[in-house]
Amino acid sequence: MESKLKVGIVGAGIQGISNALFLQKKGFTVTIFDRDEPGSPAASYGNAGHFSPTGPLALKWNYVPKMIPWAIQFIRNCTTKKMMHTAKNMHQILNLALPAYDELLDEIDLEGLVEKKGILYIWNDKNLKSRELEIKVRNELGVDQQVVTPKEIHDLEPNVKPIYHGGVYYQYGRHARNPKKILIKLFELFLKKGGKFLKINVNDIKFDKENPIIKTENQSFIFDKIVIACGSFSKRLTDNLDEKIPLDTERGYHVHFKDYDHLLSRPVIFQNRGFGITPMEQGLRVVGTVEFGGLNNPLSKSRVKNLIDNAKYMLGDLPEHEDEWLGFRPTLPDYLPVIGPSKKHKNVFYCFGHHHLGWTLGPISGKIISGMIAEENTNLDLKPYSSLRFS
Ligand SMILES: Cc1cc2nc3c(=O)[nH]c(=O)nc-3n(C[C@H](O)[C@H](O)[C@H](O)COP(=O)(O)OP(=O)(O)OC[C@H]3O[C@@H](n4cnc5c(N)ncnc54)[C@H](O)[C@@H]3O)c2cc1C
């Protein structure tokens, strides 16, 4: 399709850039706005790098403080029926996530930045109730998983200390050796295809009749369509559009142990301690914790220390760590993203709220939005991702 429609995208994380590339494939003229350079320390830079077509399926209600309104909505979603709704609708897009990635990755020189060695989950609690539930739900959804014995875990990852009682291996999982480099390569592809980038903060969205206008401090840019893809920061703009979308952030951390990536072949997630380690170009990236502390509070030193202690519990002696990083997972109370048009403005589209799986779900979400903007038919059920569910 040849189209000259102009689309503006706010946010140059994996969601914004994926949207841009799929829109370009359909012939749209695309401009991305971001207040930072692409690949700067947003969530799409510092994540654990899993391309995880499996995902955490059960809502982890025990993480959540009970007092805030977000948590009240979240707890309402913790019934078995609602959890299955989340699991089924996450599975619908996760199942398409890797093929959608490949459509974009096939166009760049990956230089060994993606490893296809699976992802390993381990645990050391003997109470397997929630593990059994997750395994059962994944089986029902047809997810490829292999329950592994301690011996099999040792064979896969001999440097992990024998602290585990069991685990699950997802052989189709992949991992990024450097999410930042991949993001920048995709961004350069966008520029090469004629995309325009403006490094500028977006303050507001206004309208000229039905055409959206992106407002910065001193300038206005008019488009035919716009996509809001600002991760955890999207709520500032959707609130201005008078839509009450209950987006919050689950804060997560990482540290690196430089030159120690040879200790692991693939990401290993220690499930009941809530952290994981991925072998990357920067070394071992230890990632984890879920903290409800908003977008403005500083990094917690005790959480960083906890990550370091956990890494040593899993792997033994490690050198001094580097790079303490805090990032923001954009999360909605029902653990489903918002992918689709705004309630009130048909030319404004939303693409945010992908929580722990936003790195995996960038290209498939961008592909879905590009299809919506091109007014194509789909056989996917997209209603569960609509912002209307919060009206
Ligand atoms: C510790 C941690 C580990 C994770 N591990 C994984 C994993 O292994 N696998 C996985 O699939 N997912 C993982 N995730 C989740 C994933 O990283 C995020 O869901 C995803 O990166 C979100 O992408 P995004 O593009 O929506 O947002 P972001 O990456 O946050 O990008 C948003 C962009 O919008 C820009 N922006 C915001 N407001 C404005 C404004 N007003 N004007 C202009 N620009 C603006 C920001 O500068 C930023 O560049 C992890 C997240 C964390 C925190």
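As the structure lists them, so they are numbered: ligands from 1, and atoms in each ligand from 1.
For the pair G49 and ligand 1, a heavy-atom separation below 4.0 Å is found. Taking 4.0 Å as the cut-off, I200 counts as a neighbour of ligand 1 on heavy-atom distance. Residue contacts with ligand 1 include W325, since one or more of its heavy atoms lies under 4.0 Å from the ligand.
Of all protein heavy atoms, the one lying nearest to atom 24 (P) of ligand 1 is Q15 CG, 3.7 Å. In terms of protein heavy-atom proximity, atom 16 (C) of ligand 1 is nearest to W359 N, 3.6 Å. Summary of contacts: the protein heavy atom closest to atom 1 (C) of ligand 1 is V287 CG1, 3.4 Å. Looking only at heavy atoms of the protein, atom 5 (N) of ligand 1 is closest to A48 N, 3.0 Å. Nearest non-hydrogen protein atom to atom 23 (O) of ligand 1 is S44 OG, 3.2 Å. Nearest protein heavy-atom neighbour of atom 44 (N) of ligand 1: R35 N, 3.2 Å. Of the protein's heavy atoms, C230 C, 3.6 Å lies nearest to atom 32 (C) of ligand 1. For atom 12 (N) of ligand 1, the closest non-hydrogen atom of the protein is H356 O, 2.9 Å.
Atom CG in N89 sits 10.0 Å away from atom CE in M84 (nearest 0.5 Å). Atom OH of Y313 sits about 8.0 Å away from atom NZ of K161, to the nearest 0.5 Å.
A cation-pi contact, defined as under 6.0 Å to the ring centre and within 45° of the axis, is absent between R35 and F197.
Using a 4.0 Å cut-off between a side-chain N of Lys or Arg and a carboxylate O of Asp or Glu, E324 and K301 qualify as a salt bridge. Under the 4.0 Å criterion applied to side-chain N and carboxylate O atoms, K312 and D317 are not assigned as salt-bridge partners. Using a cutoff of 4.0 Å between basic side-chain nitrogens and carboxylate oxygens, E134 and R138 are scored as salt-bridged. Using a cut-off of 4.0 Å between Lys/Arg side-chain N and Asp/Glu carboxylate O, R131 and D125 are scored as salt-bridged.
Contact annotation: for V202 versus ligand 1, heavy atoms closer than 4.0 Å belong to both the backbone and the side chain. Contacts between F233 and ligand 1, counted as non-hydrogen atom pairs separated by less than 4.0 Å, involve the side chain only.
Ligand-side atoms of ligand 1 in range of L357: 10 (C), 11 (O), 12 (N), range being under 4.0 angstrom from any heavy atom. The G252 neighbourhood of ligand 1 comprises atoms 1 (C), with distances under 4.0 Å to a heavy atom of that residue. Distances below 4.0 Å separate heavy atoms of P330 from the following atoms of ligand 1: 19 (O). With ligand atoms numbered from 1 in the order given, ligand 1 contributes 40 (C), 41 (N), 42 (N) to contacts under 4.0 Å with heavy atoms of N201. Close contacts of ligand 1 with A43, meaning ligand atoms under 4.0 Å from a residue heavy atom, involve 17 (O), 18 (C), 21 (O), 29 (O), 30 (O). Residue G231 approaches ligand 1 through these ligand atoms, each under 4.0 Å from one of its heavy atoms: 26 (O), 27 (O), 32 (C).
The ring pair (Phe, Tyr, Trp, His ring centres under 6.0 Å) test applied to Y253 returns no partner, not counting sequence neighbours.
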### Message
Using side chain to side chain contact (heavy atoms under 4.5 Å, CB included), reason through V30 and F223 one step at a time and then give a plain yes or no.
### Response
CA-CA 10 Å; V30 185; F223 291 96; over 6 Å; no

### Task
Tell me, with the steps shown, if Y350 and I339 meet side chain to side chain contact (heavy atoms under 4.5 Å, CB included).
CA-CA 5 Å; Y350 298 147; I339 306 172; over 6 Å; no

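The option with the heavy atom closest to atom 35 (C) of ligand 1, from among L198, D34, T331, is D34. Of all the listed residues (I269, N47, I14), N47 holds the heavy atom that lies closest to atom 50 (C) of ligand 1. Atom 52 (C) of ligand 1 has its nearest heavy-atom neighbour, among R329, E250, H355, in R329. Distances from atom 20 (C) of ligand 1 to the heavy atoms of G358, G353, S365, P38 put G358 nearest.
The shortest N/O to N/O separation between S232 and ligand 1 does not fall below 3.5 Å.
At distances below 3.5 Å, at least one donor-acceptor pair connects side-chain atoms of T360 with backbone N or O atoms of H50.
For the pair V160/L264, a side-chain contact is recorded, criterion being any heavy-atom separation below 4.5 Å from C-beta on.
The shortest non-hydrogen separation linking I200 to Q219 is CD1-OE1, 3.6 Å.
Relative ring orientation between F221 and F33 is described as perpendicular, the plane-to-plane angle rising above 60° on a 0-90° scale split at 30° and 60°.
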